[in-house]
**Student:** 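First the structure, then my questions, so here it is.
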Amino acid sequence: MRVNIITIFPHLFDHVFDFGMIQQARKKELLQIEIVDLRDFTEDKRRTVDDRPYGGGDGMVLKPEPIFLAVESLAGNVADPQHVVLLTPQGELFDQSAANRLSLRRNLTMICGRYEGVDQRVTDHLVDQEISIGDFVLSGGEYAALVIVDAVSRVIPGVVAKGGSVLQESFMDGLLDYPHYTRPPDFRGWQVPEVLLSGDHSEIARWRERQALELTRLRRPDLLNPGKNAKDTE
Ligand code: SAH
């Protein structure tokens with residue numbers, strides 16, 4: 001999978017993809033990340049990417065021309081068509097099923113907004129999908145792009161060995177995760193639950209399932225609501 005990130009702050013990404021699972025995915029060449037400097041697609045001496053909003057108001061707006069040129073320079077081919085995402089609080093909320101679906105794309109381009117956002121013509125005529133990572137306002141789309149690359153890269157087929165832990169985690173089965181313990185069995189008088197030391201695998205599996213269900217019921221009853229994951233089967 002190839003991910004292109006269009007940004008006015010390319011150096012923000014200098015080291016962030018050099019660790020952990022993302023680094024592994026890149027080493028295995030299951031993931032290629034290209035950082036694209038929006039200013040490389042400007043035509044004036046000052047490399048201007050923003051301008052004042054029509055109609056007035058505070059803040060600047062990212063101009064359409066450089067964004068169109070940048071996206072067009074990354075155009076995919078018939079086999080790997082480019083999927084263009086704009087990061088914006090107005091977008092559809094990102095969740096695990098959105099991550100799963102994006103992980104099937106071969107050529108994903110993300111446009112990072114800054115200031116007051118981007119010219120609406122980008123949204124209307126260039127973008128395939130608008131995504132928000134939550135109901136809060138960031139200072140730039142770069143942080144949202146990071147979150148998305150991380151969530152997507154760990155579900156790219158082959159990144160985690162088959163049967164690995166990714167499949168047993170929160171949200172994969174529509175539930176929150178169960179509690180995890182490691183050694184020592186007694187830490188400052190706090191014991192690891194007996195059942196986990198028992199070696200009885202079916203009993204352990206039942207305990208974990210009960211814990212996951214209980215926690216979900218308590219904290220996120222919305223996840224138990226049938227129909228919520230309908231888009232998974234799209
Ligand atoms: N004026 C805009 C906020 C702009 S914030 C508004 O009120 O909606 C600057 C940039 O940060 C946005 O263009 C977008 O790319 C990014 N951004 C901010 N919050 C975000 C969120 N919740 N999800 C994804 N991107 C976000």
Side-chain angles (χ1 to χ4, degrees), residues 1-17 22 31 33-42 46-74 82-105 107-156 170-171 220 222-223 228-229 231:
M1 174 180 195
R2 178 196 166 99
V3 177
N4 313 298
I5 300 176
I6 300 176
T7 172
I8 62 168
F9 294 127
H11 291 301
L12 193 146
F13 296 97
D14 275 354
H15 297 292
V16 79
F17 297 128
I22 294 179
L31 176 67
I33 298 175
E34 171 135 15
I35 306 301
V36 179
D37 186 347
L38 187 60
R39 291 187 200 278
D40 289 346
F41 295 88
T42 55
R46 292 188 51 241
R47 315 218 306 153
T48 310
V49 289
D50 59 334
D51 207 337
R52 293 196 310 273
Y54 276 121
D58 288 334
M60 302 295 270
V61 175
L62 289 181
K63 293 159 63 63
E65 307 95 311
I67 299 180
F68 270 80
L69 290 175
V71 167
E72 283 157 7
S73 81
L74 299 163
Q82 189 184 23
H83 185 67
V84 183
V85 166
L86 175 68
L87 287 330
T88 163
Q90 275 74 50
E92 53 189 278
L93 272 181
F94 188 66
D95 62 8
Q96 188 61 50
S97 78
N100 297 349
R101 275 175 287 138
L102 281 183
S103 76
L104 303 174
R105 301 274 175 191
N107 187 5
L108 173 65
T109 295
M110 290 193 272
I111 303 168
C112 304
R114 278 274 161 180
Y115 316 122
E116 285 307 311
V118 308
D119 188 286
Q120 182 63 28
R121 288 164 290 189
V122 169
T123 314
D124 291 346
H125 305 294
L126 188 63
V127 160
D128 298 308
Q129 187 182 9
E130 297 168 72
I131 297 182
S132 164
I133 62 159
D135 291 337
F136 39 78
V137 180
L138 302 164
S139 60
E142 287 80 3
Y143 311 106
L146 283 177
V147 165
I148 292 172
V149 168
D150 191 70
V152 166
S153 64
R154 52 198 296 292
V155 289
I156 295 174
S170 304
F171 305 120
R220 295 292 307 279
D222 56 300
L223 295 176
K228 167 75 177 65
N229 293 325
K231 2 179 217 187

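Numbering of ligands and ligand atoms starts at 1, following listing order. In this text the structure is predicted, and so the values were computed from the model without any measurement.
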**Student:** Can you tell if the side chain of I5 reaches within under 4.5 Å of the side chain of V149, non-hydrogen atoms only?
**Tutor:**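 Yes, side chains in contact.
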**Student:** Any donor and acceptor pair, going by atom type alone, linking the side chain of S132 with main-chain N or O of G134 inside 3.5 Å?
**Tutor:**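 Between the backbone of G134 and the side chain of S132 there is a qualifying donor-acceptor contact (under 3.5 Å).
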**Student:** So which atom in T7 and which in F9 form the shortest heavy-atom distance, rounded to 0.1 Å?
**Tutor:**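 T7 and F9 have their closest heavy atoms at OG1-N, 2.8 Å.
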**Student:** Distance under 4.0 Å, heavy atoms only, partner ligand 1: which residues pass?
**Tutor:**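 Answer by chain and number: L87, T88, P89, Q90, G113, R114, Y115, E116, G117, I131, S132, I133, G134, F136, V137, L138, S139, G140, G141, A144.
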**Student:** Scan side-chain atoms only and decide if T109 and Q82 contain a donor-acceptor pair under the 3.5 Å cut-off.
**Tutor:**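 Yes, a side-chain donor-acceptor pair sits under 3.5 Å.
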**Student:** Any idea which heavy atoms bring M110 and A145 closest together, and the distance?
**Tutor:**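 Distance-wise, the nearest heavy atoms are CE-O, 3.9 Å.
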**Student:** Which residues pass the side-chain contact (heavy atoms from CB on, under 4.5 Å) test with P66, not counting sequence neighbours?
**Tutor:**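 P66 satisfies side-chain contact (heavy atoms from CB on, under 4.5 Å) with L38, F41, T42, K63 once adjacent residues are dropped.
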